[in-house]
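This report refers to the structure that appears directly beneath it.
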Amino acid sequence: MEYTFKIREGRKTIPVAVFAESRYALAGEFLLAERSILKEITAALESDGDGELSGNIFTLKTSGENADITNEITGSSLTVNKQELKDLAQDYSDEVKRLRKRR
């Protein structure tokens, strides 16, 4: 999973994940929509067991080495490697923190 972050300026300055492969776009939407619970997302991805976390729009289910992201409004879903999603979530969290310090 290759990605970079672009900055979206507006009322709030926030990072947006842009992926080399468009099939991962839902992972970026997930982090953008659920950025207020990034700590909970990271904790769920670090857990060895299976689990489920519901956010405002998305549900994250972990099972073994996989993580399933589902948009509860559109029904679209994506299955990714749990470690890759954890790395993405950590990078996203770091980028959010970096932008907050910049203000």
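Taking the side chain as every heavy atom from C-beta outward, Y3 and L88 approach each other to under 4.5 Å. Looking at K61 and T70, their side chains never come closer than 4.5 Å, going by heavy atoms from C-beta outward. Side-chain contact between L85 and I69 is present, with heavy atoms from C-beta onward closer than 4.5 Å. Contact check for R100 versus T13: no side-chain heavy atoms found under the 4.5 Å cut-off.
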Please assess R35 against I14 for the test side-chain contact (heavy atoms from CB on, under 4.5 Å), listing each intermediate value before the final yes or no.
CA-CA 10 Å; R35 67 185 178 275; I14 53 175; 3.7 Å; yes
Please report the C-alpha distance between L60 and E52 in whole Å, then the side-chain angles of each, then the deciding distance to 0.1 Å, and finally whether the side-chain contact (heavy atoms from CB on, under 4.5 Å) criterion is met.
CA-CA 6 Å; L60 171 67; E52 184 173 322; over 6 Å; no
Which is it for L38 and L31 under the side-chain contact (heavy atoms from CB on, under 4.5 Å) test, yes or no, and what are the steps along the way?
CA-CA 8 Å; L38 281 172; L31 293 174; 3.8 Å; yes
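Checked by atom type and distance alone, the side chain of E34 pairs as donor or acceptor with a backbone atom of F58 at under 3.5 Å.
Listed by first and then second residue, the salt bridge (charged side-chain N to carboxylate O under 4.0 Å, His left out) pairs that reach into residues 63-72 come to none, sequence neighbours excluded.
Residue-environment remark: CG (D48) stays at or below the threshold of 12 foreign heavy atoms within 6.0 Å.
Heavy-atom minimum distance, N81 versus Q83: OD1-N, 2.8 Å. Closest heavy-atom contact between A67 and L45: CB-CD2, 4.1 Å.
Hydrophobic clustering (ILVMFWY, side-chain heavy atoms < 4.5 Å, transitive): L99 and I37 are in distinct clusters.
Between Y92 and the choices I41, L32, T42, the side-chain contact (heavy atoms from CB on, under 4.5 Å) rule is met once, by L32.
To the nearest 0.5 Å, atom CD of residue Q90 and atom CD of residue E95 are 12.0 Å apart.
Ring-plane geometry between Y24 and F19 is classed as tilted, the angle between the planes lying from 30 to 60 degrees on a 0 to 90 degree scale.
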